[in-house]
K.L.:
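Below you will find the structure I want to go over with you.
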Amino acid sequence: MECAIFRGIISIESVVLRYHKNELQVLVDERAVTQNRGNSERENNAFIAAQITEQAKSLHEMVSENLKELISFEKIYVEQVQTRIQSQFPKHARDKYDNNSENASKQPVVIIGCCVLVASSENKEDHEKAKWVPISDSDEFETVLHPLLQEALTFLNRKIEQDLIAFYLLPEKFSLNELQQVYETVTSRRLDKRNFRKKIAQLQYLTPLNEKQKNVRHKPASLYCFNGSVFERN
């Protein structure tokens, strides 16, 4: 049995999420919003970081390179959550592709949808057109939620119960209370504090630091860090 060789274009679409100020937020590219405003045929890709590639690079490399145009980050988590093939060249990515390629619009396109997690940082500056919008405030999207965003949220809700991806949403140093808040925000469930800490204490990846929180109104909590070996998967 012969295997067919795909000859076409790959489009990477990423829903980028972060945890900030006790809520889950999605990255919106204001450049896409400006370009599509007033267009009745606009696609709901304002919060999608689209990239067209024909180069042999890993998914993590391609997503990282694309996001550096919008936000500052040290580490990101990238997971493919969706794959589809379409015959028509994506409208939202045409201006990013080499216009010299006359046959670009005629080639089949593989759309790879990704869920991307980044840690919030008050000390890093993002591009002026990068806007973070709370997931709860869907009116900001000016349209119904994109299926890829829904897919990414479903994936995150399921994966956070099975893996240690919550740490990608936290700064380098964090308290156990902040860690619990991430779990509660993603899953929309209240967790028993004692049971949660008992479960977390069994993890080998959590390292206590000889430091406490600063500039807080309540009693400063002890800080922890996540063992970096898990990040090597990406």
Side-chain angles (χ1 to χ4, degrees), residues 14-28 47 71 73-79 81-82 113-124 126 130-141 144-209 211-231 233-234:
S14 304
V15 169
V16 187
L17 303 170
R18 76 170 183 178
Y19 174 78
H20 184 68
K21 296 183 177 179
N22 298 326
E23 63 184 2
L24 199 60
Q25 301 178 340
V26 63
L27 176 64
V28 173
F47 54 92
I71 60 175
F73 59 87
E74 295 181 0
K75 294 183 177 69
I76 62 173
Y77 175 89
V78 180
E79 187 76 32
V81 297
Q82 186 185 87
C114 299
C115 175
V116 180
L117 307 181
V118 298
S120 175
S121 175
E122 300 288 355
N123 301 321
K124 299 290 182 66
D126 294 336
K131 180 181 179 182
W132 291 98
V133 178
I135 292 294
S136 58
D137 195 359
S138 59
D139 292 340
E140 285 286 339
F141 301 125
V144 295
L145 294 180
H146 191 284
L148 180 54
L149 175 56
Q150 296 175 331
E151 190 80 24
L153 294 175
T154 299
F155 163 81
L156 179 58
N157 191 301
R158 180 181 69 252
K159 190 72 172 180
I160 200 170
E161 298 279 11
Q162 305 169 352
D163 210 339
L164 302 173
I165 62 174
F167 296 99
Y168 286 90
L169 294 169
L170 290 164
E172 182 180 0
K173 302 175 183 179
F174 53 87
S175 67
L176 293 180
N177 186 51
E178 289 172 326
L179 178 59
Q180 180 173 339
Q181 288 174 347
V182 168
Y183 276 89
E184 291 181 336
T185 300
V186 171
T187 61
S188 299
R189 285 192 295 114
R190 293 285 296 177
L191 301 175
D192 180 77
K193 183 176 181 179
R194 181 177 299 179
N195 291 338
F196 178 80
R197 297 199 173 196
K198 181 179 179 180
K199 180 179 179 180
I200 291 298
Q202 299 173 355
L203 297 178
Q204 300 177 355
Y205 306 104
L206 209 58
T207 303
L209 302 172
E211 298 181 41
K212 290 185 178 293
Q213 291 177 314
K214 297 179 180 179
N215 303 321
V216 292
R217 298 179 179 179
H218 52 78
K219 181 180 178 181
S222 298
L223 295 177
Y224 295 77
C225 71
F226 186 53
N227 191 310
S229 61
V230 173
F231 291 104
R233 294 178 305 174
N234 277 343

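This one's a predicted model, so the numbers in the text were calculated from it and none came from an experiment.
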K.L.:
Hey, do the aromatic rings of Phe174 and Phe167 have their centres closer than 6.0 Å?
P.N.:
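Between Phe174 and Phe167, the centre distance is under 6.0 Å.
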K.L.:
If we ignore hydrogens and angles and just use 3.5 Å, is the side chain of Gln180 paired with the main-chain N or O of Leu191 as donor and acceptor?
P.N.:
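Flag set: sc Gln180 to bb Leu191 pair under 3.5 Å.
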K.L.:
Any luck finding a side-chain donor-acceptor pair between Tyr77 and Glu79 under 3.5 Å?
P.N.:
yes
K.L.:
Under the side chain to side chain contact (heavy atoms under 4.5 Å, CB included) test, which residues partner Lys212, sequence neighbours left out?
P.N.:
Pro220, Ser222
K.L.:
Looking only at heavy atoms, what is the nearest atom pair of Leu156 and Leu117, with distance?
P.N.:
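Scanning both residues, the minimum pair turns out to be CD1-CD1, 3.9 Å.
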K.L.:
Do side-chain atoms of Asn157 reach the backbone of Val186 as a donor and acceptor pair under 3.5 angstrom?
P.N.:
yes
K.L.:
Whether the side chain of Gln213 engages the backbone of Ala221 through a donor-acceptor N/O pair (distance < 3.5 Å, no angle test) should be reported.
P.N.:
yes
K.L.:
Taking all atoms of both residues into account, what is the closest heavy-atom pair of Pro208 and Tyr224, and its distance?
P.N.:
CA-CD2, 3.5 Å
K.L.:
Drop me the distance from Leu148's CG to Leu153's CG, to the nearest 0.5 angstrom.
P.N.:
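Here the interatomic distance stands at 9.5 Å.
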K.L.:
Please find out if less than 6.0 Å separates the ring center of Phe196 from that of Tyr183.
P.N.:
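Under 6.0 Å, so yes.
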K.L.:
Kindly state each residue pair satisfying salt bridge (Lys or Arg N to Asp or Glu O under 4.0 Å) with at least one member in residues 176-190, sequence neighbours excluded.
P.N.:
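Qualifying pairs: Glu161-Arg189, Glu184-Arg190.
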K.L.:
How close do Gln25 and Glu23 get, heavy atom to heavy atom, and via which atoms?
P.N.:
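Closest approach of Gln25 to Glu23, heavy atoms only: NE2-OE2, 3.0 Å.
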K.L.:
Determine the minimum heavy-atom distance between Leu17 and Leu169, stating which atoms define it.
P.N.:
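Between these two residues, the closest heavy atoms are O-CD2, 3.9 Å.
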K.L.:
Could you walk me through whether Val15 and Val116 satisfy the side-chain contact (heavy atoms from CB on, under 4.5 Å) test, starting with their C-alpha distance in whole Å, then the side-chain angles of each, then the deciding distance to 0.1 Å, before giving a yes or no?
P.N.:
CA-CA 6 Å; Val15 169; Val116 180; over 6 Å; no
